[in-house]
Amino acid sequence: MPFHAATRGLLRLLPLATPLALAACTQGETRPVPPPEPAAEVIGEARDCLPLNSFSTTEIRDDYTIDFMSAGRRNVWRVTLPNRCSGLRAADTFTYETSLTRLCRNDIIYPLQRIGNGFQRAGGCGLAPFVPVKLDK
């Protein structure tokens with residue numbers, strides 16, 4: 001079966017396209033993530049779940065780190081996400097859905113992006129264990 005002229009042209013580009021395609025598929029060097037501020041000292045065992053009534057506020061430290069704080073900040077649980085949650089820090093707020101009375105390590109959070117006078121939910125990010133910490137001042 002004869003090749004068409006277009007097919008011959010594509011075959012000529014194949015040696016150039018292959019390295020580009022492979023580069024796009026491979027993971028580059030992972031850059032170290034700077035530690036979140038403020039630094040924190042681990043003061044107990046990590047928990048898989050945290051009752052919803054045990055925290056009253058959250059502080060988003062970066063695209064990887066969220067601190068869940070009890071009233072008066074007496075207790076703080078730091079969650080370091082297993083993967084970067086793109087846009088989390090920029091959004092500075094998130095939402096979640098749960099049918100339970102607790103938030104757990106594999107639950108999904110959604111950064112909320114401000115659009116006009118409202119919010120739009122961004123892509124979901126999985127949580128990680130809740131680690132009790134004491135924040136450095």
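These numbers come from a predicted model, not from an experiment.
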* Is there any salt bridge (Lys or Arg N to Asp or Glu O under 4.0 Å) pair reaching into residues 83-93, and which pairs are they, with sequence neighbours excluded? -> Asp63-Arg84, Arg89-Asp92
* To do: Would you check, one step at a time, whether the test side chain to side chain contact (heavy atoms under 4.5 Å, CB included) holds for Ile109 with Leu127?
  => CA-CA 7 Å; Ile109 63 166; Leu127 287 176; 3.8 Å; yes
* **Within residues 98-137 or reaching into it, pairs that qualify as ring-ring contact (aromatic ring centres under 6.0 Å, His included) - sequence neighbours excluded** => Phe68-Phe130
* To do: With sequence neighbours excluded, give me every disulfide (SG to SG under 2.5 Å) pair touching residues 53-86.
  => Cys85-Cys125
* For Glu45, enumerate each residue passing the salt bridge (charged side-chain N to carboxylate O under 4.0 Å, His left out) test, keeping only those at least two apart in sequence or located in another chain. => none
* **Closest contact, heavy atoms only, Arg47 versus Leu50** => NH1-CD1, 3.8 Å
* Measure the spacing between CZ of Arg121 and OG1 of Thr95 and express it to the nearest 0.5 Å. => 7.0 Å
* **Selection residues 82-102 - residue pairs positive for ring-ring contact (aromatic ring centres under 6.0 Å, His included), sequence neighbours left out** => none
* Asked: Can you pull the salt bridge (Lys or Arg N to Asp or Glu O under 4.0 Å) pairs that have at least one residue in residues 99-109, sequence neighbours excluded?
  -> Asp48-Arg105
* Asked: Any salt bridge (Lys or Arg N to Asp or Glu O under 4.0 Å) pairs touching residues 122-135, not counting sequence neighbours?
  -> none
* Structure fact -> Heavy atoms of Ala91 and Pro111 approach each other most closely as CB-CB, 4.1 Å
* Asked: Does Met69 belong to the same Ile/Leu/Val/Met/Phe/Trp/Tyr cluster as Val133, with side-chain heavy atoms less than 4.5 Å apart forming each link?
  -> yes
* To do: Calculate, to the nearest 0.5 Å, the distance between atoms OG1 and CG belonging to Thr98 and Leu103 respectively.
  => 6.5 Å
* Asked: Residues in side chain to side chain contact (heavy atoms under 4.5 Å, CB included) with Ala46, at least two apart?
  -> Pro129, Val131
* **Check: Thr65 side chain, Asp62 main-chain N or O, donor-acceptor pair, under 3.5 Å** => no
Side-chain atoms of residues 72-82: list all donor-acceptor pairs with protein atoms under 3.5 Å, sequence neighbours left out, distances to 0.1 Å.
unit_1	atom_1	unit_2	atom_2	d
Arg73	NH2	Glu59	OE2	3.2
Arg78	NE	Asp67	OD1	2.7
Arg78	NH1	Pro38	O	3.3
Arg78	NH2	Pro38	O	2.9
Arg78	NH2	Asp67	OD2	2.9

* Distance, nearest 0.5 Å, that separates CG of Leu88 from CD1 of Ile60 -> 4.0 Å
